[in-house]
**Student:** 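Here it is, the structure, as structure tokens.
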Amino acid sequence: MTSLQQQKAKTFLSLHSGKELLLLPNIWNPLGARILEAKGYKAAATASAAISATLGYTDGERIKRATLIDIIFRIANSVAIPVTADIETGFADSISILKETIIQVIDSGIVGINIEDSLAEGGALRNIDKQCERIATIREIADAKGLHLVINARVDSFLTAALKSQDEKIEDAIIRAKAYTKAGADCIYPIGPGDKETLLHLRKNIELPMNVLVSANAEPLTVLKNIGINRISFGPFVFRSCIQKFIGIADELQAMGNYDCFSSKTLSGAEIQKFLRDEKE
């Protein structure tokens, strides 16, 4: 543990309670983190789905834990700004393995995490008491290492098929948010809802800073700020937008088209070099 990492963690935590929205266009490699840093972003966040996809795997801890640790180490140590990592469920079925994951995450230079309470995509959620035990364990491990790891507790009430009505989902999300707050979370991430009415209800009943995932159909950023949302994630949507650009290039070349795909809004070698390091790995 270094004093620099400790300071990054303090800085990152403070960004959750500032006057400005904490905007986190999720990245999946060091280049993305460096671009955000150069553009003046105060922090960077990874997207598990983007990292998995760029390696050719679906989301949901299909890649090895060691692979994730290597990637987030590279990202965290490529920039001076704080970096938070999406670690899904912690790559751990047990508390003992979760402890190993958190130690490795902290040792990588990361200062924040997302931890989710889903057991399977669209399926049942983890028992609240068990998820609280996991959050408390994460806090205990981080404190023992001298780092206030910023815990963004994802609440998947709006994703599970086990809860049928919107009212049930809202009630469950609030119950989980309050429990996770007591367990040691720093921010609550009720993933899914983007409409103003639901977000206002959640904001009124959730004490901690709130993280919202936005897509093309979400409320404008100014509206989210006025609601009192603190942190904005973009999940895999930045990655998917970039891949759509590549697909367009591939389609144009296959059709024996022209080179317009390279001639507009394309960086020069010198422009991309500004974000790269000259030294060897």
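For the single chain, residues carry numbers from 1 onward in sequence order.
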**Student:** How long is the straight-line distance from CG of L68 back to CD of E61, given to the nearest 0.5 Å?
**Tutor:**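 Between E61 CD and L68 CG, I get 9.0 Å after rounding to 0.5 Å.
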**Student:** Report yes if some heavy atom in the side chain of I102 is under 4.5 Å from a heavy atom in the side chain of T137; otherwise report no.
**Tutor:**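 When only atoms from C-beta onward are counted, T137 and I102 do not touch, as no gap falls below 4.5 Å.
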**Student:** If we only count heavy atoms from C-beta on, is the V79 to L36 side-chain gap below 4.5 Å?
**Tutor:**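 When only atoms from C-beta onward are counted, L36 and V79 do not touch, as no gap falls below 4.5 Å.
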**Student:** Taking the side chain from S14 and the backbone from T11, do they hold a donor-acceptor pair closer than 3.5 Å?
**Tutor:**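 At least one qualifying donor-acceptor pair exists.
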**Student:** Suppose we screen for side chain to side chain donor-acceptor pair (under 3.5 Å). Which residues come up paired with N258, at least two apart in sequence or across chains?
**Tutor:**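 In terms of side chain to side chain donor-acceptor pair (under 3.5 Å), with neighbours along the sequence ignored, N258 is linked to D260.
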**Student:** Has R62 got a side-chain atom pairing as donor or acceptor with Y57's backbone, closer than 3.5 angstrom?
**Tutor:**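 A pair under 3.5 Å: no.
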**Student:** Once side chain to side chain donor-acceptor pair (under 3.5 Å) is applied, what residue pairs with a partner in residues 173-188 remain, sequence neighbours excluded?
**Tutor:**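 Matches after skipping sequence neighbours: D117-R176, D117-Y180, R139-D186, H148-D186, D172-R176, R176-Y180.
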**Student:** Does C187 reach the side chain of N230, with side-chain heavy atoms less than 4.5 Å apart?
**Tutor:**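 The answer is no; the side chains never approach within 4.5 Å.
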**Student:** When you measure from the side chain of T101 to the backbone N and O of G90, does any donor-acceptor pair fall under 3.5 Å?
**Tutor:**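 Side chain of T101 to backbone of G90: a pair is present.
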**Student:** Check whether L149 and F91 end up in the same hydrophobic cluster, where Ile, Leu, Val, Met, Phe, Trp and Tyr are linked by side-chain heavy atoms less than 4.5 Å apart.
**Tutor:**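 In one cluster: yes.
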**Student:** Among all residues two or more places apart in sequence or in another chain, which pass the side chain to side chain donor-acceptor pair (under 3.5 Å) test with D195?
**Tutor:**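 Only T198 meet the side chain to side chain donor-acceptor pair (under 3.5 Å) criterion with D195.
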**Student:** How close do A142 and I106 get, counting heavy atoms only, and between which atoms?
**Tutor:**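 Result for this residue pair: CA-CD1, 3.7 Å.
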**Student:** Return the CD1 to CZ distance between I151 and R134, rounded to the nearest 0.5 Å.
**Tutor:**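 Between atom CD1 of I151 and atom CZ of R134 there are 12.0 Å.
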**Student:** In Å and rounded to the nearest 0.5 Å, what is the CG to CD1 distance from N205 to I174?
**Tutor:**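 The distance works out to 4.0 Å.
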**Student:** Rounded to the nearest 0.5 Å, what separates atom OG1 in T46 from atom CD1 in I72?
**Tutor:**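 Those atoms lie 7.0 Å apart.
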**Student:** Under 4.5 Å between side-chain heavy atoms, hopping through other hydrophobics if needed: is there a path connecting I81 to L24?
**Tutor:**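 I81 and L24: separate clusters.
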**Student:** Could you give the side-chain donor-acceptor pairs of residues 234-250 under 3.5 Å, partners two or more places apart or in another chain?
**Tutor:**
from: S241; atom 1: OG; to: F237; atom 2: O; distance (Å): 2.9

**Student:** Side chain to side chain donor-acceptor pair (under 3.5 Å) with S94: which residues, sequence neighbours excluded?
**Tutor:**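 Side chain to side chain donor-acceptor pair (under 3.5 Å) list for S94, sorted by chain: S96.
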**Student:** Ignoring hydrogens and angles, tell me if any N or O in the side chain of E168 forms a donor-acceptor pair with the backbone of L163 under 3.5 Å.
**Tutor:**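 Not at all, since once roles are kept as given, no pair shorter than 3.5 Å links the two residues.
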**Student:** How would you list, by chain and number, every residue that makes a salt bridge (charged side-chain N to carboxylate O under 4.0 Å, His left out) with D143, sequence neighbours excluded?
**Tutor:**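 For D143 there are no salt bridge (charged side-chain N to carboxylate O under 4.0 Å, His left out) partners, ignoring immediate neighbours.
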**Student:** Applying side chain to side chain contact (heavy atoms under 4.5 Å, CB included), run through I27 and I75 and close with a yes or a no.
**Tutor:** CA-CA 9 Å; I27 48 90; I75 294 172; 3.8 Å; yes
**Student:** Applying salt bridge (charged side-chain N to carboxylate O under 4.0 Å, His left out), can you list everything that pairs with R126, at least two apart in sequence or on another chain?
**Tutor:**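 In terms of salt bridge (charged side-chain N to carboxylate O under 4.0 Å, His left out), with neighbours along the sequence ignored, R126 is linked to no residue.
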**Student:** Taking only residues two or more places apart in sequence or in another chain, which ones pass salt bridge (charged side-chain N to carboxylate O under 4.0 Å, His left out) with R74?
**Tutor:**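 D70, E281.
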**Student:** Work out which heavy atom in L147 is nearest to a heavy atom in A9; give both atom names and the distance.
**Tutor:**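 Nearest heavy atoms, L147 then A9: CD1-CB, 3.6 Å.
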**Student:** Determine whether I87 and W28 fall in the same hydrophobic cluster, where Ile, Leu, Val, Met, Phe, Trp and Tyr are linked whenever their side-chain heavy atoms lie under 4.5 Å apart.
**Tutor:**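 Looking at the clustering, W28 is in the same group as I87.
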**Student:** Contact between I188 and E207 at the side-chain level, heavy atoms closer than 4.5 Å - yes or no?
**Tutor:**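 Not touching, per the 4.5 Å side-chain cut-off.
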**Student:** Do other residues, nucleotides or ligands put more than 12 heavy atoms under 6.0 Å from the CD atom of Q104?
**Tutor:**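 Result for CD/Q104: enclosed.
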**Student:** How far apart are the closest heavy atoms of F158 and G192, and which atoms are they?
**Tutor:**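 Where F158 meets G192 most closely, the heavy atoms are CB-CA, 4.4 Å.
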**Student:** State, with a plain yes or no, whether a side-chain heavy atom of R65 is found less than 4.5 Å away from one of I97.
**Tutor:**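 Sidechains of I97 and R65: in contact.
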**Student:** Taking all non-hydrogen atoms of both residues into account, name the closest pair between A185 and L208 and its distance.
**Tutor:**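 For A185 and L208, the tightest heavy-atom pair comes out as O-CD1, 3.3 Å.
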**Student:** Ignoring hydrogens and angles, state whether a donor on the side chain of E271 or S268 is under 3.5 Å from an acceptor on the partner side chain.
**Tutor:**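 On atom types as modelled, these side chains qualify, holding a pair under 3.5 Å.
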**Student:** Taking R203 for its side chain and I206 for its backbone only, find out whether a donor-acceptor pair lies under 3.5 Å.
**Tutor:**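 A pair under 3.5 Å: yes.
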**Student:** By the definition side-chain contact (heavy atoms from CB on, under 4.5 Å), identify the one residue from I191, V155, T89 that meets it with E116.
**Tutor:**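 The side-chain contact (heavy atoms from CB on, under 4.5 Å) with E116 is passed solely by T89 among I191, V155, T89.
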**Student:** In the structure I gave you, are the side-chain heavy atoms of N152 and I113 within less than 4.5 Å of one another anywhere?
**Tutor:**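 A side-chain contact under 4.5 Å is absent here.
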**Student:** Under a 3.5 Å distance rule, please check whether H201 uses its side chain to pair with a backbone N or O of E197 as donor and acceptor.
**Tutor:**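 Here the side-chain-to-backbone pair does not exist.
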**Student:** Tell me which pairs pass side chain to side chain donor-acceptor pair (under 3.5 Å) where either residue lies in residues 75-88, with sequence neighbours left out.
**Tutor:**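 Listed by first then second residue: S48-D86.
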**Student:** Quick one, R34 and R277 - any side-chain contact, counting heavy atoms below 4.5 Å?
**Tutor:**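 Touching, per the 4.5 Å side-chain cut-off.
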**Student:** Looking at G194 and L199, what are the two nearest heavy atoms and their distance?
**Tutor:**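 Where G194 meets L199 most closely, the heavy atoms are O-CD1, 3.7 Å.
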**Student:** Quick check on K145: does its NZ atom have over 12 non-hydrogen neighbours (other residues, nucleotides or ligands) under 6.0 Å away?
**Tutor:**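 It does: K145 NZ has more than 12 such atoms within range.
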**Student:** Could you walk me through whether I71 and N29 pass the side chain to side chain contact (heavy atoms under 4.5 Å, CB included) test, one step at a time?
**Tutor:** CA-CA 7 Å; I71 292 172; N29 57 28; over 6 Å; no
**Student:** Quickly, which of L22, L21, L23 forms a side-chain contact (heavy atoms from CB on, under 4.5 Å) with L15? Name it, please.
**Tutor:**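 One option only clears the test, and that one is L22.
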**Student:** Looking at every heavy atom in both A173 and L202, which two are closest together, and how far apart are they?
**Tutor:**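 Shortest heavy-atom contact: CB-CD2, 4.1 Å.
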**Student:** Once ring pair (Phe, Tyr, Trp, His ring centres under 6.0 Å) is applied, what residue pairs with a partner in residues 251-281 remain, sequence neighbours excluded?
**Tutor:**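 Passing the test, one end in residues 251-281: no pairs.
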**Student:** R231: what forms a salt bridge (charged side-chain N to carboxylate O under 4.0 Å, His left out) with it, not counting sequence neighbours?
**Tutor:**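 So R231 forms no salt bridge (charged side-chain N to carboxylate O under 4.0 Å, His left out) with any residue.
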**Student:** I'd like to check the side chain to side chain donor-acceptor pair (under 3.5 Å) partners of S118; sequence neighbours left out, ordered by chain and number.
**Tutor:**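 So S118 forms a side chain to side chain donor-acceptor pair (under 3.5 Å) with D156.
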**Student:** Side chains of Y41 and I35: closer than 4.5 Å at any heavy-atom pair?
**Tutor:**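 In short, these two side chains do not touch, never coming nearer than 4.5 Å.
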**Student:** Do L13 and I232 share a hydrophobic cluster, counting only Ile, Leu, Val, Met, Phe, Trp and Tyr and linking them when any side-chain heavy atoms are less than 4.5 Å apart?
**Tutor:**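 Each belongs to a different hydrophobic cluster.
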**Student:** Would you say I115 ends up clustered with M210 if hydrophobic residues are merged whenever their side chains have heavy atoms under 4.5 Å apart, either directly or through other cluster members?
**Tutor:**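 Yes: a chain of side-chain contacts under 4.5 Å links M210 to I115.
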**Student:** Return the CD1 to CD1 distance between I103 and I138, rounded to the nearest 0.5 Å.
**Tutor:**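 Going from the CD1 atom of I103 to the CD1 atom of I138 covers 12.0 Å.
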**Student:** Enter the distance from F73:CZ to D107:CG here, rounded to the nearest 0.5 Å.
**Tutor:**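 Taking CZ in F73 and CG in D107, the distance rounds to 10.0 Å.
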